[in-house]
Number of protein chains: 2
Amino acid sequence: MKRNTWQREAVREALDGTDGFISAQALHSSLHATGSPIGLATVYRALSDLSEQGEADSLQSPDGESLYRACSTTGHHHHLICRNCGLTVEIGAEPVETWAQQVASEHGFTQAAHVVDVFGLCANCTRLAAV
Amino acid sequence: MKRNTWQREAVREALDGTDGFISAQALHSSLHATGSPIGLATVYRALSDLSEQGEADSLQSPDGESLYRACSTTGHHHHLICRNCGLTVEIGAEPVETWAQQVASEHGFTQAAHVVDVFGLCANCTRLAAV
DNA sequence: AGGCTATTGATAATGATTGTCAAAACCACG
DNA sequence: CGTGGTTTTGACAATCATTATCAATAGCCT
């Protein structure tokens with residue numbers, strides 16, 4: 001059975017209060033900074049639970065870390081991420097969904113899953129970078 | 001200056017002779033299996049070099065390993081990968097390219113890059129899995 | 001309240017990747 | 001064909017994120 005603990009709740013809230021993606025390590029530090037004695041292993045467990053239950057999304061940073069994010073929509077969606085400031089926009093991707101399915105079946109593949117993330121510079125960072 | 005060594009050549013050839021993506025570790029084992037005394041660190045270095053020079057593509061497997069592949073086309077393309085046997089098909093993704101650009105600009109993002117990979121089970125593995 | 005069991009957390013273990021550094025290999029050049 | 005200066009190699013240690021271990025704790029049901 002699934003039990004409710006303050007630790008899990010703390011992780012959920014910390015995620016909610018964070019803009020963009022954050023690593024398990026960073027989230028743990030952040031919690032410690034606010035005085036929470038939560039353990040690192042617990043943060044990892046809570047995050048992978050949340051991710052499994054669809055309450056959080058996860059992706060891998062270019063250098064191999066797993067990053068997590070609390071997502072407002074529970075359905076399937078993708079992300080548009082500013083590579084400079086981390087700002088993240090949730091985006092639907094209907095055209096991509098159908099395209100992925102089609103390409104997969106064209107080649108005889110089944111159980112197609114896909115990784116689709118768009119990295120760029122948000123309007124703000126674009127302006128700053130132009131200077 | 002960049003020097004040519006048989007080790008670098010060996011890594012390049014091993015990559016060429018491999019279907020689909022392969023991890024640095026696996027490539028190293030594979031080389032050892034053929035009698036090559038090449039060192040693990042060297043394989044890592046050679047792979048990251050090849051990847052930087054655009055002679056190889058790299059991506060991260062769902063469990064965080066870095067995988068490499070020699071790609072036939074040097075242009076921009078994506079991959080359809082069998083998550084069981086590693087079989088890989090290079091796919092163009094025109095619809096996705098335009099979609100990504102469009103979504104990015106809709107949100108004021110510039111310099112949009114994207115990660116698009118489709119994982120599934122190839123026809124063969126699908127059949128095996130059905131048993 | 002009592003008991004059963006899931007969860008926690010400190011720490012060890014794992015596993016991929018990168019750093020270190022002396023020895024060996026490469027590449028002009030004479 | 002040697003020689004010298006540098007790059008590259010490779011064995012091994014170090015790092016870093018993540019996962020496993022396991023006794024102690026804390027939830028939840030009755």
Side-chain angles (χ1 to χ4, degrees), chain A residues 1-15 18 20-53 55-70 86 115 117, chain B residues 1-15 18 20-53 55-69 81 83 86 115 117 119:
Chain A
M1 190 202 317
K2 204 65 136 189
R3 292 179 183 175
N4 282 338
T5 61
W6 64 265
Q7 285 97 335
R8 232 185 277 272
E9 204 48 45
V11 169
R12 194 198 315 264
E13 281 180 23
L15 249 200
T18 303
F21 284 85
I22 188 172
S23 71
Q25 305 270 350
L27 196 62
H28 176 238
S29 306
S30 154
L31 280 165
H32 260 199
T34 68
S36 169
I38 192 171
L40 177 58
T42 304
V43 174
Y44 273 100
R45 276 185 293 243
L47 283 175
S48 75
D49 281 358
L50 285 175
S51 163
E52 253 174 47
Q53 299 168 212
E55 295 194 53
D57 261 12
S58 69
L59 62 77
Q60 307 216 346
S61 76
D63 49 316
E65 259 182 311
S66 284
L67 304 181
Y68 296 89
R69 179 165 197 272
V115 179
D117 289 297
Chain B
M1 190 203 314
K2 203 65 137 189
R3 293 180 183 174
N4 281 337
T5 60
W6 64 266
Q7 286 96 336
R8 231 185 279 271
E9 205 47 46
V11 168
R12 194 198 314 264
E13 280 180 23
L15 249 199
T18 303
F21 283 85
I22 188 171
S23 70
Q25 306 268 350
L27 195 62
H28 176 238
S29 307
S30 154
L31 281 164
H32 260 199
T34 68
S36 169
I38 193 172
L40 178 57
T42 304
V43 174
Y44 273 99
R45 277 185 292 242
L47 283 176
S48 74
D49 281 358
L50 286 175
S51 162
E52 252 174 48
Q53 299 170 211
E55 295 194 52
D57 261 11
S58 70
L59 62 78
Q60 307 216 346
S61 75
D63 49 317
E65 258 181 312
S66 284
L67 304 182
Y68 296 88
R69 179 164 199 273
I81 304 150
R83 75 167 67 92
V115 179
D117 290 298
F119 291 86

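Letters A, B, ... mirror the listed sequences (proteins, then strands); counts begin at 1. Keep in mind that this is a model prediction, so the values were computed, not measured.
Counting to the nearest Å, the C1' atom of C:dA28 and the NZ atom of B:K2 are 19 Å from each other. In this structure, CH2 of B:W6 is placed 9 Å from P of D:dT9, rounded to the nearest angstrom. Atom-to-atom, CG of A:N4 to P of D:dT25 comes out at 22 Å; the value is rounded to the nearest Å. A:E65 has its CD atom 18 Å from the P atom of C:dA16, to the nearest Å. The CD1 atom of A:I38 sits 11 Å away from the P atom of C:dA10 (whole-angstrom rounding). Atom CD of A:Q60 and atom P of D:dC16 are 19 Å apart (whole Å). The nearest whole Å value for the distance from the CG atom in B:L27 to the P atom in C:dT17 is 12 Å. A:H28 places its NE2 atom 11 Å from the C1' atom of C:dA10, with the value rounded to the nearest Å.
Once rounded to the nearest 0.5 Å, the distance linking CG of B:L27 with CG of B:L67 reads 11.0 Å. The distance from the CD atom of B:E52 to the CG atom of B:L47 is 12.0 Å, given to the nearest 0.5 Å. Between atom OG of residue B:S51 and atom CG of residue B:D57 there is a gap of 7.5 Å, rounded to the nearest 0.5 Å. In this structure, A:T5 OG1 and A:I38 CD1 are separated by 7.5 Å, a value rounded to the nearest 0.5 Å. B:L59 CG to B:I81 CD1: the interatomic distance, rounded to the nearest 0.5 Å, is 5.0 Å.
Using a 4.0 Å heavy-atom criterion, one finds that B:T42 contacts the bases of the nucleic acid, with or without backbone contacts as well. At the heavy-atom level, B:R8 lies under 4.0 Å from the strands shown only through sugar-phosphate atoms. Across all strands, B:S66 comes closer than 4.0 Å only to sugar-phosphate atoms, never to a base (heavy-atom distances). In this structure, B:Q25 reaches the bases: a heavy-atom distance under 4.0 Å links it to at least one base atom across the strands shown.
At least one side-chain nitrogen or oxygen of B:Q7 sits closer than 4.0 Å to the OP1 or OP2 atom of D:dG10. Of the side-chain N and O atoms in A:Y44, none sit less than 4.0 angstrom from OP1 or OP2 of D:dT19.
Nearest-nucleotide mapping onto DNA chain C: of B:L40 and B:R3, the residue sitting toward the 5' end is B:L40. Two residues, A:T5 and B:L67, neighbour DNA chain C, and the one matched to the more 5' nucleotide by heavy-atom proximity is A:T5.
Axis angle, first five pairs versus last five pairs of the helix from C:dA1-D:dT30 to C:dG30-D:dC1: 40°, rounded to 10°.
Each of B:R12, B:R69, B:R8 was checked for a salt bridge (charged side-chain N to carboxylate O under 4.0 Å, His left out) with B:E55, and the lone residue meeting it is B:R12.
Residue-to-nucleotide contacts include a donor-acceptor pair under 3.5 Å from the side chain of B:R45 to the base of D:dG10.
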Practice task
Tell me, with the steps shown, if A:E9 and A:N4 meet side chain to side chain contact (heavy atoms under 4.5 Å, CB included).
Solution key: CA-CA 8 Å; A:E9 204 48 45; A:N4 282 338; 5.8 Å; no
